[in-house]
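Contents: one structure, followed by commentary.
Read the numbers this way: they start at 1 and go in the same order the structure lists the ligands and their atoms.
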Amino acid sequence: MILSATMAMIICIANQKGGVGKTTTAINLSAALAVSEKRILLIDCDPQGNATTGLGISKTDLPANIYHGLIGRNSATELVRDTEIPALKVIPAKEELIGFEIEMVDNPHRETVLKELVADVTDRFDYIVLDCPPSLSLLTVNALTASDVLLVPLQCEFYALEGLGQLLNTMKRIQKHFNPALRLMGILLTMYDKRTNLSRQVAEEATRYFQDRVFRTAIPRSVRLSEAPSHGKPILLYDAGCAGALGYFDLAREILLGT
Ligand code: ATP
Ligand code: MG
């Protein structure tokens, strides 16, 4: 796909399974793209706010967050915050985002509020990355409706592929009703351990189902990756030489060459 000079490509990172590496991927892919001279906006769409704290933003002294954009109180421009990496900006989230679903009950356009919010800033970025919560709730539906492509992290563990059918059905439903241009960018193997049979089996099984839709890059299991968020830093500011950092650089390169 050729990127128009003025419109960001919007990448939705989703998997309703918890703890598979969505946020780790959102933060570190965004950072790796940002140091490749791309302008990146990461939007935290998860009430847990892990991408927010993982980028060193304190949730306690935030004047506004994505929730206030979704309910129409703030524009996206007003919500954008700086991070330690100049080309990487973030729209934060915190617990009150849980209220979004209830707030939207009577709104006939409830599936498209994020898309409308983001339209305000698409010309200022090359990529916009959306970090979804571990559910197929209205927030994930909004993220899929606003996106060009879906990136699915798949943890290399038993039952990894279970539930993927449900996610892909949701994607089809969104394509049919709200966003016909949405496509599957790829399946990303995370916490890959090349020494274990299980990791290899998950990789083989994923490749059997999704063929070339599985990214060539697999993100290795890396203790450094799991430590970085507690320091409020993407991996490339915490330990740029570790295997996890190199994994996300490789993924960024694969995406830059392929899009
Ligand atoms: P949730 O569904 O709760 O939003 P998630 O899918 O966003 O979770 P993460 O928060 O990215 O998943 O990762 C879950 C846990 O696994 C975290 O503690 C994270 O630090 C760790 N982790 C993620 N990727 C790796 C990796 N490649 N190597 C080691 N640990 C990892
Ligand atoms: Mg997360």
Side-chain angles (χ1 to χ4, degrees), residues 11-32 42-57 59 65-66 90-95 97-98 100 129-140 142-144 150-164 166-167 170 186-196 198-200 202-203 206 214-252 254:
I11 304 175
C12 177
I13 301 189
N15 185 339
Q16 76 273 27
K17 217 170 246 209
V20 296
K22 292 181 289 295
T23 302
T24 304
T25 299
I27 290 174
N28 294 303
L29 172 60
S30 295
L42 196 174
I43 304 182
D44 193 344
C45 300
D46 183 353
Q48 295 182 101
N50 293 338
T52 300
T53 44
L55 282 171
I57 292 174
K59 288 193 272 190
N65 64 77
I66 185 69
V90 62
I91 294 183
K94 53 192 269 187
E95 300 78 8
L97 182 55
I98 293 172
F100 169 68
V129 174
L130 308 179
D131 183 28
C132 287
S135 71
L136 295 172
S137 65
L138 188 60
L139 282 165
T140 302
N142 263 270
L144 288 166
L150 167 64
L151 187 161
V152 182
L154 196 70
Q155 184 181 355
C156 292
E157 280 213 343
F158 212 58
Y159 298 130
L161 280 93
E162 204 177 68
L164 269 193
Q166 219 184 336
L167 176 60
T170 302
I187 307 284
L188 175 69
L189 300 170
T190 64
M191 302 182 228
Y192 186 85
D193 184 345
K194 62 178 187 293
R195 294 165 305 181
T196 67
L198 186 55
S199 276
R200 279 199 298 273
V202 172
V214 180
F215 286 104
R216 283 188 302 279
T217 307
I219 306 300
R221 186 171 278 286
S222 150
V223 175
R224 304 299 271 168
L225 273 179
S226 60
E227 290 168 353
S230 62
H231 300 268
K233 287 180 189 302
I235 191 67
L236 61 87
L237 295 183
Y238 180 66
D239 186 352
C242 76
L246 300 180
Y248 281 107
F249 278 123
D250 285 345
L251 177 65
E254 198 176 335

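- K22 contributes no side-chain N or O that, together with a main-chain N or O of C132, makes up a donor-acceptor pair within less than 3.5 Å.
- Ligand 1 lies under 4.0 Å from heavy atoms of K17, G18, G19, V20, G21, K22, T23, T24, D46, Q48, P134, M191, I219, P220, R221, S222, L225, S226.
- Distance SG/C156 to CG/L189: 4.5 Å, rounded to 0.5 Å.
- Other residues, nucleotides and ligands place more than 12 heavy atoms under 6.0 Å from the CZ atom of R200.
- Among the atoms of N50, no N, O or S atom is found under 2.8 Å from the Mg ion (ligand 2).
- With no hydrogens or angles considered, no side-chain donor-acceptor pair links Y248 and T217 at under 3.5 Å.
- In this model, no donor atom of one side chain and acceptor atom of the other lie less than 3.5 Å apart for D193 and S199.
- Residues N50 and P229 fail the side-chain proximity criterion, which asks for heavy atoms closer than 4.5 Å.
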